[in-house]
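Here is the structure we will look at, set down as structure tokens.
Both counts, for ligands and for their atoms, begin at 1 and track the order of listing. Heavy-atom basis, side chains included; hydrogens, waters and symmetry copies ignored.
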Amino acid sequence: MIPYGRQDINQADIDAVIEVLRSDFLTQGPKVPLFETVVSKRVNADYAVATNSATSALHLACLALGLGKGDCLWTTPITFVASANCGLYCGAKVDFVDIDPQTYNLCPKALEEKLIVAKKNGKLPKVVLPVHFAGQSCGMDRIHQLSEEYGFNIIEDASHAIGGQYLDQPVGSCNYSDIAVFSFHPVKIITTAEGGLATTNQPALAEKMQLLRSHGITRDPTLMTKQADGGWYYQQVDLGFNYRMTELQAALGISQMQRLDKFVKKRHVLQQRYHKLLKGLPIKLPYQSSEVYSALHLYPIQLKLKNLGKTHKQVFDELRSSGLGVNLHYIPVHTQPYYQTMGFKQGDYPNAEHYYSRAISIPLYQGLTLDKQDQVIKILTKVLL
Ligand SMILES: *Cc1c(COP(=O)(O)O)cnc(C)c1O
């Protein structure tokens with residue numbers, strides 16, 4: 001089976017992890033801060049806070065911005081459930097903005113229309129959380145303008161997008177947002193097995209996320225309510241979690257970061273070949289905005305069902321049984337049973353649902369050889385022609 005995505009682990013990665021196993025610290029040592037520095041420098045952000053997953057980083061980002069009961073978070077329906085769940089963790093309401101049918105990202109125009117209505121009803125969101133789907137940055141310039149006009153905060157879910165750029169700036173630089181979040185799950189661009197990281201240029205947000213990542217406990221005298229009782233002393237000044245990244249994960253992350261640019265370049269080579277070699281098939285290929293250098297996490301195609309004698313499900317099953325580990329990103333979040341209990345219905349976000357009814361993610365990862373890619377193309381051609 002050729003998977004749709006896969007990690008790339010070399011001897012340097014293995015050596016880096018083993019070195020930590022033999023060292024004094026498995027957690028809370030020097031590697032996590034070093035990894036944070038490596039990432040923040042690379043993406044041009046002032047601060048980075050590493051966590052045990054992107055899901056926890058999204059939760060911390062929402063808390064740092066003060067999201068809570070009575071507030072609302074808006075995101076896209078075409079994302080992993082974690083982008084929406086983080087709002088619910090904070091007791092906030094979650095709502096969705098439909099996608100742009102070309103980029104599959106949260107549509108700035110639909111956002112504006114929804115904001116106009118929300119303003120009239122006095123129900124403006126506190127946080128808008130655009131997701132850089134498949135590694136292609138959203139139209140952040142416009143979303144940022146709207147944030148100034150309507151007064152909301154922005155968290156970028158950049159889980160797919162490390163190594164990508166928007167208007168010649170690295171994704172994660174937070175030029176158009178308060179916080180950006182990366183995921184290092186093995187199917188993403190680089191991996192730490194499990195892991196995530198939030199970047200920001202606002203010291204207060206970084207401090208809050210650092211505090212909440214580790215139980216709300218501080219050893220910093222300037223954050224304490226009184227003088228330390230002694231050398232052992234710490235204070236819990238907030239209610240936090242154990243969302244820490246381990247030294248093993250950070251060492252792997254530092255090693256993977258050395259190859260980030262190579263990984264993304266390889267994904268572009270594969271994309272170019274797909275663009276060229278899939279042209280004649282009854283499918284819509286993913287669009288690339290000229291404002292963006294995508295990290296190319298995914299290669300989502302859409303079936304032109306009218307020109308195909310097969311259903312979406314039939315094509316998917318035939319690809320799977322021919323040895324392609326295809327997948328579908330994503331089931332629109334508002335159609336999940338848990339979200340339907342909140343009142344969301346089929347039909348609420350037509351562009352997202354239309355996309356879902358014909359989308360398939362085909363293999364794209366740095367370790368995919370050109371020979372293997374040719375095999376993928378052959379199978380697709382056999383199933384679709
Ligand atoms: C993978 C992913 C997440 C969650 O990442 P974890 O590190 O697995 O918690 C969140 N949002 C998006 C868009 C993702 O793809």
Between [X] and [Y], is there a side-chain N and carboxylate O pair less than 4.0 Å apart?
X	Y	result
Glu112	Arg142	yes
Asp100	Lys109	no
Asp348	Lys345	yes

Option passing side-chain hydrogen bond (donor to acceptor under 3.5 Å, both in side chains) with His132 (candidates His297, Glu156, His160): Glu156
task: Heavy-atom cut-off of under 4.0 Å around ligand 1: list whichever protein residues fall inside it, by chain and number.
output: Ser53, Ala54, Thr55, Thr79, Phe80, Ala82, Ser83, Val131, Asp157, Ser159, His160, Ser183, Lys188, Gly195, Tyr330
query: Do other residues, nucleotides or ligands put more than 12 heavy atoms under 6.0 Å from Asn121 CG?
result: yes
message: For Leu305, is the CG atom crowded, meaning more than 12 foreign heavy atoms sit under 6.0 Å from it?
response: yes
